[in-house]
**Student:** 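Here you go, one structure.
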Amino acid sequence: MLVTFRTPAYADITMFGDVALALIEYMGHSPTVPGALAAEDVPGALQRLRQAVEAKGGEALPGSPENDSGSREEQVSLAHRALPLVKLLEAAAEAEAYVMWDR
């Protein structure tokens, strides 16, 4: 499953489902798809996501694909996976715009 985050203030961002659901939870929202944040809720969600990145930034999130030999390649950290969503939330907060996500 792929999840796409949308806001009128920024380009759409598409992520693998497991990663997106984890980041949605870190924003303080229930991990359901589809979902949305009202414009007034975006700054709080951004703050919670930033706090999670500060606390767990070096940890890897689920969703890393396996290579052909079946072993896991180096996993991508929470800080790197969250960066596009942080940028989207920053733009939405600045523009006082809503954020939605769907499949």
**Student:** List the residues meeting side-chain hydrogen bond (donor to acceptor under 3.5 Å, both in side chains) with Arg50, not counting sequence neighbours, and say none if there are none.
**Tutor:** Glu90

**Student:** Are Met1 and Arg103 side-chain neighbours, meaning at least one heavy-atom pair lies under 4.5 Å?
**Tutor:** yes

**Student:** Would you name the heavy atoms of His80 and Pro84 that are closest together and state the gap between them?
**Tutor:** O-CD, 3.7 Å

**Student:** Quick one: side chain to side chain donor-acceptor pair (under 3.5 Å) pairs with a partner in residues 38-47, sequence neighbours left out?
**Tutor:** none

**Student:** Just so I know, are the side chains of His29 and Leu37 near enough to count as touching, which here means a heavy-atom distance under 4.5 Å?
**Tutor:** yes

**Student:** Give me the atom names and distance for the closest heavy-atom approach of Gly17 to Val3.
**Tutor:** CA-CG2, 4.0 Å

**Student:** Closest approach of Val42 and Ala93, non-hydrogen atoms and distance?
**Tutor:** CG1-N, 3.8 Å

**Student:** What pairs of residues pass the salt bridge (charged side-chain N to carboxylate O under 4.0 Å, His left out) test when at least one of them lies in residues 5-17, not counting sequence neighbours?
**Tutor:** Arg6-Asp12, Arg6-Asp102

**Student:** Sequence neighbours excluded, which residues qualify as side-chain contact (heavy atoms from CB on, under 4.5 Å) partners of Leu2?
**Tutor:** Thr14, Phe16

**Student:** May I ask you to test the Leu78-Leu23 pair for a side-chain heavy-atom distance under 4.5 Å?
**Tutor:** yes

**Student:** Is there a side-chain contact between Met27 and Leu89 (heavy atoms, below 4.5 Å)?
**Tutor:** yes

**Student:** If you round to the nearest 0.5 Å, how far is CG of Leu88 from CG of Leu83?
**Tutor:** 11.5 Å

**Student:** Can you run down the side chain to side chain donor-acceptor pair (under 3.5 Å) pairs that involve residues 91-100, sequence neighbours left out, and say none if there aren't any?
**Tutor:** none

**Student:** Sorted by first residue and then second, give each ring-ring contact (aromatic ring centres under 6.0 Å, His included) pair with at least one member in residues 30-55; sequence neighbours left out.
**Tutor:** none

**Student:** Using the test side-chain contact (heavy atoms from CB on, under 4.5 Å), find all partners of Ala9 that sit at least two apart in sequence or belong to another chain.
**Tutor:** Thr7, Ala91, Ala95, Ala97

**Student:** Over all heavy atoms of both residues, which pair between Gly28 and Arg48 is shortest? Give the atoms and the distance, please.
**Tutor:** CA-NE, 3.6 Å

**Student:** Is there a side-chain contact between Lys56 and Tyr26, using heavy atoms and a 4.5 Å cut-off?
**Tutor:** yes

**Student:** Under the side-chain contact (heavy atoms from CB on, under 4.5 Å) test, which residues partner Ala39, sequence neighbours left out?
**Tutor:** none

**Student:** Can you confirm whether Trp101 sits close enough to Ile24 that some side-chain heavy atom of one is under 4.5 Å from a side-chain heavy atom of the other?
**Tutor:** yes

**Student:** Any heavy-atom pair between the side chains of Met100 and Phe5 that's under 4.5 Å?
**Tutor:** no

**Student:** Considering residues at least two apart in sequence or located in another chain, which fulfil the side-chain contact (heavy atoms from CB on, under 4.5 Å) criterion with Pro31?
**Tutor:** Leu21, Glu25

